[in-house]
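Inspection log for the structure reproduced underneath, given as structure tokens.
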Amino acid sequence: MEYQGYLQQESKQRKTVHILVFFSTFFFYFYMGMLAHEKGFWGAEEVYLGEKALLAVRGEPARFENIGLTYPPFPFMLRFLPASLGLHPYAGVFFSSISGALTILVLISSLKRSRISTLIITPVIIVNPLFIYTFSSGGSAGLFLLLLSLFTFYFKRFIESKGEDSFAFFISSLILGFSFLIRYEAVFFLIPLIFTLIKDKNRWRVVSKLLIFTFPSLFLSTGWTYINWLYKGDPFHFIHTFGLISFETTLKEQKSLFYSLALAIILFPSYLVSLYHVARQQNLLILFLSPLAVALTSTLLLDNMVSTSYFCLLGSVSLIFESNLGSNASRYLLVLAMIAGALIGYTLSDRTTWGEERDFIKTLIGTQKEERFKEEKELANYLKSLQGKIFFDDTYDYAVVFFHGDPKSFVLPYQMEFGFYLKAPFFIARYVVVPHPKYRNMINENNPLIFPEKDPNWELVEKIGKWKIFAARYRKD
């Protein structure tokens, strides 16, 4: 009875610690994200997701397909409610911070029950600059890292149970399938991990494992292809997002890719510490190496993935496998490696090849002089003062609509009217906004006389940055 009471007290203390860690981590990451916004940093993906969510819930008409059906849908769907309430500028950082807090809980739950190691490792993880960027910059990377950490946690439990923990196996399969709706490269996890399931001598058990493991991913991906076919007429429309690059481009990207990988390992030397011990456990080695293999594969195939923070999963995996380290000395070495990596990480602003990471960290420490999306915000504020419809191409200038906040003020490419009146915008809009011809823009391509001020239907009213704003001469509504 006395021992049972001790266990209950220990459990209560652990829950209290987890609650405190969750809220302190959430508020820390949320504060860092808001501070970055105040100082002028906005993540490109954060702004893109927010703008498309605005079109989906407040567009004219408001439709799900306004998100574009190229990027995975779940990051947009999370932003639907905040966008409908006019809170879209805060949604990205909010959900990134929630993902960060939950990820930290997963990692400390993976640690052996040592109060000292937990008390030391937890703040070290939280303040690692790559984790701060991932969980405070407002993109989808934080949510993706959370789900992959959960997947690794449960799939490891399944392997260690020698195939007996069916609950952990089912949950890990479900999480991996759901990850596909956040980042398409989650599908690359299926290939290496299938090899961990085919060692069973019973063929029927192998078949059943493969079916359970692949079904969620196949079901959700099939559903997404159906939605693409339903709205776009092409079931594989979303594959355009993959941006498969040529072999020549791959050769050009290899230098920055392997530089980013080397830098990530320097910033997460804990991965090498854990690898030394896991290498002796063949049944876990494939799972341990799969994040590295997937990161390399997807980076080589996707031209937008050469970022150091993309390898944050190496740090997560090293902690999830902490319980497999052979001795306390190894655990102390892991802690020292985490501390060293975090300290080295604060030189990231001068080392990373990913411009957005540099800008984020420089913004926080006060050395970033240029404000991101400064001209877009200036243009958006000016357009708010205008009365009447504005003909605008947001394909590349989505940030203007995001900062404006009211998509109904615009005639945009998602609307049928845009294509119909593209060659004569004055029939439907009071104003038209065109960038310098050196920037890709459908309005310029179809109305080459507007920007040089040679079109008699339009008169210049303002010039902001690369854009000129024109008013229709013969339209007074």
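In this text, all values refer to a predicted model and were calculated from it rather than measured experimentally.
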What I want to check is whether the side chains of [X] and [Y] have a donor and an acceptor closer together than 3.5 Å.
{"X": "His88", "Y": "Glu46", "value": "no"}
{"X": "Ser323", "Y": "Lys156", "value": "yes"}
{"X": "Ser318", "Y": "Ser270", "value": "yes"}
{"X": "Ser84", "Y": "Arg58", "value": "no"}
{"X": "Thr225", "Y": "Asn228", "value": "no"}
{"X": "Lys162", "Y": "Asn283", "value": "no"}

Sole residue of [options] in side chain to side chain contact (heavy atoms under 4.5 Å, CB included) with [X]:
{"X": "Phe131", "options": "Val124, Leu145, Ile126", "value": "Leu145"}
{"X": "Val93", "options": "Ser96, Ser97, Pro89", "value": "Ser97"}
{"X": "Leu197", "options": "Ile159, Val206, Leu210", "value": "Leu210"}

Check whether any side-chain heavy atom of [X] sits under 4.5 Å from a side-chain heavy atom of [Y], and report yes or no.
{"X": "Lys209", "Y": "Ile198", "result": "no"}
{"X": "Phe64", "Y": "Pro73", "result": "yes"}
{"X": "Phe22", "Y": "Leu102", "result": "yes"}
{"X": "Phe30", "Y": "Met34", "result": "yes"}
{"X": "Leu174", "Y": "Phe215", "result": "no"}
{"X": "Ile67", "Y": "Tyr71", "result": "no"}
{"X": "Glu51", "Y": "Phe403", "result": "no"}

**Closest contact, heavy atoms only, Ala186 versus Phe144** =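 Closest pair (atom of Ala186, atom of Phe144, distance): CB-CE1, 3.8 Å.
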**Request:** Apply ring pair (Phe, Tyr, Trp, His ring centres under 6.0 Å) to Phe26 and Phe94, showing your working.
**Result:** CA-CA 8 Å; Phe26 166 75; Phe94 177 80; 5.6 Å; yes
**Residues forming a side-chain hydrogen bond (donor to acceptor under 3.5 Å, both in side chains) with Tyr276, sequence neighbours excluded** = Arg280
Ionic contact status for [Y] with [X], cut-off 4.0 Å:
{"X": "Arg372", "Y": "Glu356", "result": "yes"}
{"X": "Arg440", "Y": "Asp397", "result": "no"}
{"X": "Glu65", "Y": "Arg63", "result": "yes"}

**Asked** How about Tyr31: does its OH atom have over 12 heavy atoms from other parts shown lying under 6.0 Å from it?
**Response** no
**Prompt:** How about Tyr90: does its OH atom have over 12 heavy atoms from other parts shown lying under 6.0 Å from it?
**Reply:** no
**Request:** For the pair Trp229 and Phe236, evaluate ring pair (Phe, Tyr, Trp, His ring centres under 6.0 Å) and give the outcome as yes or no after the intermediate values.
**Result:** CA-CA 7 Å; Trp229 172 77; Phe236 300 106; over 10 Å; no
**Asked** Which value, rounded to the nearest 0.5 Å, describes the distance between Thr25 atom OG1 and Phe23 atom CZ?
**Response**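 That separation rounds to 11.0 Å.
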**Spacing of CZ belonging to Phe158 relative to CG belonging to Asp165, to within rounding of 0.5 Å** =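 With rounding to 0.5 Å, CZ (Phe158) is 8.5 Å from CG (Asp165).
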**Prompt:** Should the ring pair Phe410 and Phe392 be called parallel, tilted or perpendicular, given that the plane angle runs from 0 to 90° and is split at 30 and 60?
**Reply:** tilted
**Request:** Just say parallel, tilted or perpendicular for the rings of Phe169 and Phe155, cut-offs at 30° and 60°.
**Result:**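 Tilted, since the angle between the ring planes falls between 30° and 60°.
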**Backbone N/O of Gly138 and side chain of Glu45: donor-acceptor pair under 3.5 Å** = no
**Item:** Derivation and outcome, ring pair (Phe, Tyr, Trp, His ring centres under 6.0 Å), residues Phe402 and Phe373
**Value:** CA-CA 11 Å; Phe402 175 83; Phe373 298 114; 8.4 Å; no
**Request:** Take His277 and Phe321 through the test ring pair (Phe, Tyr, Trp, His ring centres under 6.0 Å) and record every step on the way to the result.
**Result:** CA-CA 9 Å; His277 293 275; Phe321 281 81; over 10 Å; no
